[in-house]
Participant: 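One structure, as structure tokens, below. Some questions next.
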Amino acid sequence: MQTNVLRAPTGRVQARAPSHARPQRRVAVVSRATGNGTAASALGLDEPIELVDGRVTSGPDLSVEVNGMKLPNPFIIGSGPPGTNYQVMKKAFDEGWGGVICKTLSLDSSKVVNVSPRYAKIRDYSNRVFGWQNFELISDRPFDVMLAEMKRLREEYPNRILIASIMEEYNKNAWEEIIGRCEEIKVDAFEINFSCPHGLPERRMGMAMGQDPEVLGEVCGWINGAATVPVWAKMTPNVTDISYPADVALKAGCEGVAAINTIQCISGVNLDTLRPEPSVEGYSTPGGYSWKAVKPIALAKCTSIAKLIARDYAGQGKSLSGIGGVETGGDAAEFILLGSDTVQVCTGVMIHGYPVVKNLCGGLQKFMAKHNFKSIAEFKGKSLPYVTVHSELVKRQRDAISAKKARQGLANDAEWSGEDFVKNADSMAVNR
């Protein structure tokens with residue numbers, strides 16, 4: 001049995017202009033099977049909608065423009081296995097994803113050695129996966145091979161957003177080389193992986209850089225000195241205050257921030273073997289935790305960054321790409337309401353497949369229709385002003401209680417006064 005009903009064969013609709021003048025549109029055809037127990041609702045998903053080159057065909061507009069990039073919808077394939085080669089990235093574009101970020105690249109893939117098993121699923125009492133651990137590394141494919149495949153994608157999908165996720169060691173020349181070579185194939189932007197929590201920190205890469213503000217600022221300076229396209233810094237949540245390194249990256253010239261990457265974790269210990277899991281030859285290592293369980297943490301971290309951008313970078317076009325446990329359009333709406341411009345999905349694709357983008361778009365449109373929003377911009381950040389400090393909550397509640405008491409008038413019959421009898425009565429009248 002299929003895990004979802006979202007398999008969508010793609011066809012090509014002949015464009016009006018000749019093929020050499022205008023690329024053909026990819027139409028994702030939605031299959032709705034409702035009688036075999038695999039309907040979207042049974043999976044906890046929204047009802048899917050049709051997408052043409054990632055664009056909705058009716059209803060509220062889902063297109064967004066971020067750092068000069070025009071996306072047909074705000075849903076982006078997050079860096080990881082869903083962007084690991086030409087075939088899977090092509091599938092993502094054909095199904096309608098607003099953008100694709102490739103699995104993180106480095107110049108020397110020979111240093112990248114994965115092990116297996118490297119994933120662990122954590123399930124709730126209904127057996128649904130709500131947490132996912134991994135200690136997968138960045139791309140183990142030769143840089144030249146990945147570059148050639150991305151070049152092919154760029155040529156076949158010239159109007160879609162292709163973002164290169166990159167990572168290097170503390171070496172200015174290496175950063176400049178990888179940026180230059182990626183720009184040769186015309187990627188739309190870079191996402192800098194300052195946040196992978198396993199394997200790479202041992203080489204002062206990934207999270208090791210993201211946790212060191214001094215190194216982070218210096219490396220961001222190198223990157224932005226070399227890049228001619230937008231740069232997003234992907235932040236680690238494994239810090240005390242994520243807004244601090246985000247501020248360092250933005251000050252160093254990054255156009256945007258992506259958050260969060262996975263949270264460092266150990267999924268559990270096997271009580272029969274007494275070995276931590278996932279176990280490789282009886283041993284394990286802390287990995288990154290993702291999926292539904294991390295969404296509340298991701299929302300808080302993104303809120304912190306969004307408030308920083310609103311306060312210190314207003315009008316400067318700095319952007320935020322929200323990541324963490326997005327399974328429905330409603331999940332995505334929460335990130336956008338708290339200030340995200342786009343929303344990334346990685347684990348969700350590994351669980352539901354690439355066609356889930358049509359469910360996400362359908363759910364987001366349903367939310368927008370409910371509130372009569374015509375565009376993403378109409379509700380981006382709308383909930384952000386209502387997140388405040390605890391002392392403000394105390395003050396507001398005290399004020400509300402005082403006002404309520406004032407409106408209620410007398411507390412009991414003993415408070416009636418002969419001298420102020422009329423005033424007492426008026427204090428309890430609804431239409432005074």
Participant: Is there a side-chain contact between Tyr86 and Glu156 in this structure, where contact means two heavy atoms from C-beta onward sitting under 4.5 Å apart?
Facilitator: yes
Participant: Would you give the length of the straight line joining atom SG of Cys220 to atom CG of Leu216, rounded to the nearest 0.5 angstrom?
Facilitator: 4.5 Å
Participant: Do you know which two heavy atoms are closest between Ile309 and Ser319, and how far apart they sit?
Facilitator: CD1-O, 3.8 Å
Participant: Would you check if Leu137 and His198 make a side-chain contact, meaning some heavy-atom pair closer than 4.5 Å?
Facilitator: yes
Participant: Please report the shortest heavy-atom distance between Pro278 and Gln133, naming the atom on each side.
Facilitator: CD-OE1, 3.3 Å
Participant: Measure the shortest side-chain to side-chain distance between Ile77 and Met89 over non-hydrogen atoms and say whether it is less than 4.5 angstrom.
Facilitator: no
Participant: What is the minimum heavy-atom distance between Leu153 and Leu162, and which atoms define it?
Facilitator: CB-CD2, 4.4 Å
Participant: Output every pair passing side chain to side chain donor-acceptor pair (under 3.5 Å) with a member in residues 335-350, not counting sequence neighbours, ordered by first then second residue.
Facilitator: Glu191-Gln344, Ser290-Thr347, Ser321-Thr342, Ser321-Gln344, Asp341-Lys380
Participant: Given Tyr289 and Val294, is the side-chain contact (heavy atoms from CB on, under 4.5 Å) satisfied, shown in steps?
Facilitator: CA-CA 7 Å; Tyr289 196 44; Val294 312; 3.8 Å; yes
Participant: Can you check whether Ser165 reaches Ile101 side chain to side chain, under 4.5 Å on heavy atoms?
Facilitator: yes
Participant: Measure the shortest side-chain to side-chain distance between Gln365 and Pro60 over non-hydrogen atoms and say whether it is less than 4.5 angstrom.
Facilitator: yes
Participant: Hey, do the aromatic rings of Tyr170 and Trp175 have their centres closer than 6.0 Å?
Facilitator: no
Participant: Is it true that Lys295 and Glu334 make a salt bridge, defined as a side-chain N closer than 4.0 Å to a carboxylate O?
Facilitator: yes
Participant: Measure the CE-SG distance between Met235 and Cys254 for me, rounded to the nearest 0.5 Å.
Facilitator: 7.0 Å
Participant: Looking at Gly98 and Pro72, what are the two nearest heavy atoms and their distance?
Facilitator: O-CD, 3.6 Å
Participant: Take a 6.0 Å sphere around CD of Gln316 and say whether it holds more than 12 heavy atoms from other residues, nucleotides or ligands.
Facilitator: yes
Participant: side-chain hydrogen bond (donor to acceptor under 3.5 Å, both in side chains) for Ser195 and Thr236? Distances and angles first, verdict last.
Facilitator: CA-CA 4 Å; Ser195 45; Thr236 174; 6.0 Å; no
Participant: Could you state the interatomic distance from CZ (Arg55) to CG (Leu71), rounded to the nearest 0.5 Å?
Facilitator: 9.0 Å
Participant: With Lys103, which of Thr84, Asp140, Val88 fulfils side-chain contact (heavy atoms from CB on, under 4.5 Å)?
Facilitator: Thr84
Participant: Before you tell me yes or no, could you show the steps for Thr104 and Asn193 under side-chain hydrogen bond (donor to acceptor under 3.5 Å, both in side chains), namely the whole-Å CA-CA distance, both residues' side-chain angles and the distance that decides it to 0.1 Å?
Facilitator: CA-CA 7 Å; Thr104 302; Asn193 189 337; 3.1 Å; yes
Participant: The test is side-chain hydrogen bond (donor to acceptor under 3.5 Å, both in side chains); show your working for Asn372 and Lys370 and say whether it passes.
Facilitator: CA-CA 6 Å; Asn372 199 31; Lys370 175 181 177 181; over 6 Å; no
Participant: State whether a side-chain donor-acceptor pair under 3.5 Å links Asn238 with Gln264.
Facilitator: no
Participant: Write down the atom of Val357, the atom of Leu51, and the distance for their closest heavy-atom approach.
Facilitator: CG1-CD1, 4.1 Å
Participant: Between Asp247 and Tyr313, does the side-chain hydrogen bond (donor to acceptor under 3.5 Å, both in side chains) criterion hold? Intermediate values first, please.
Facilitator: CA-CA 10 Å; Asp247 190 33; Tyr313 298 93; 2.5 Å; yes
Participant: Inspect the contact between Glu176 and Arg181 and indicate whether a charged nitrogen and a carboxylate oxygen are less than 4.0 angstrom apart.
Facilitator: no
Participant: Side chains of Trp97 and Val345, heavy atoms from C-beta outward: is any pair under 4.5 Å?
Facilitator: yes
Participant: Among residues two or more places apart or on two chains, list those pairs meeting side chain to side chain donor-acceptor pair (under 3.5 Å) that have a residue in residues 382-394.
Facilitator: Glu392-Arg396
Participant: Should we say atom CZ of Arg398 is surrounded by more than 12 heavy atoms from elsewhere, each under 6.0 Å from it?
Facilitator: no
Participant: Aromatic rings His371 and Phe367: how do their planes relate, parallel, tilted or perpendicular, breaks at 30° and 60°?
Facilitator: tilted
Participant: Thinking salt bridges, do Arg204 and Glu169 make one under a 4.0 Å N-O criterion?
Facilitator: no
Participant: With rounding to the nearest 0.5 angstrom, report the NZ to CG distance, Lys318 to Leu308.
Facilitator: 10.5 Å
Participant: Charged N to carboxylate O below 4.0 Å: is that the case for Lys292 and Asp331?
Facilitator: yes
Participant: Using a strict threshold of under 4.0 Å (side-chain N to carboxylate O), is an ion pair present between Glu149 and Arg154?
Facilitator: no
Participant: Could you measure the distance from the OG atom of Ser79 to the NZ atom of Lys234? Nearest 0.5 Å is fine.
Facilitator: 5.0 Å
Participant: If you count the non-hydrogen atoms of other residues, nucleotides and ligands that lie under 6.0 Å from NZ in Lys307, is the total more than 12?
Facilitator: yes
Participant: Are Trp232 and Phe190 close enough that their ring centers fall under 6.0 Å?
Facilitator: no
Participant: Is the centre of the Tyr119 ring less than 6.0 Å from the centre of the Phe135 ring?
Facilitator: no
Participant: Is Ile49 close to Val56 at the side-chain level, that is, under 4.5 Å between some pair of heavy atoms?
Facilitator: yes
Participant: May I ask you to test the Pro213-Tyr244 pair for a side-chain heavy-atom distance under 4.5 Å?
Facilitator: yes
Participant: Starting from the C-alpha separation in whole Å, work towards a yes-or-no answer on side-chain contact (heavy atoms from CB on, under 4.5 Å) for Ile192 and Ile166.
Facilitator: CA-CA 5 Å; Ile192 316 302; Ile166 58 174; 3.6 Å; yes
Participant: Hey, is Lys358 close enough to Glu95 for a salt bridge, meaning N to O under 4.0 Å?
Facilitator: yes
Participant: How far apart are the closest heavy atoms of Gly317 and Asn67, and which atoms are they?
Facilitator: O-ND2, 2.9 Å
Participant: So, does Arg275 use its side chain to make a donor-acceptor pair with the main chain of Asn270 at under 3.5 Å?
Facilitator: no
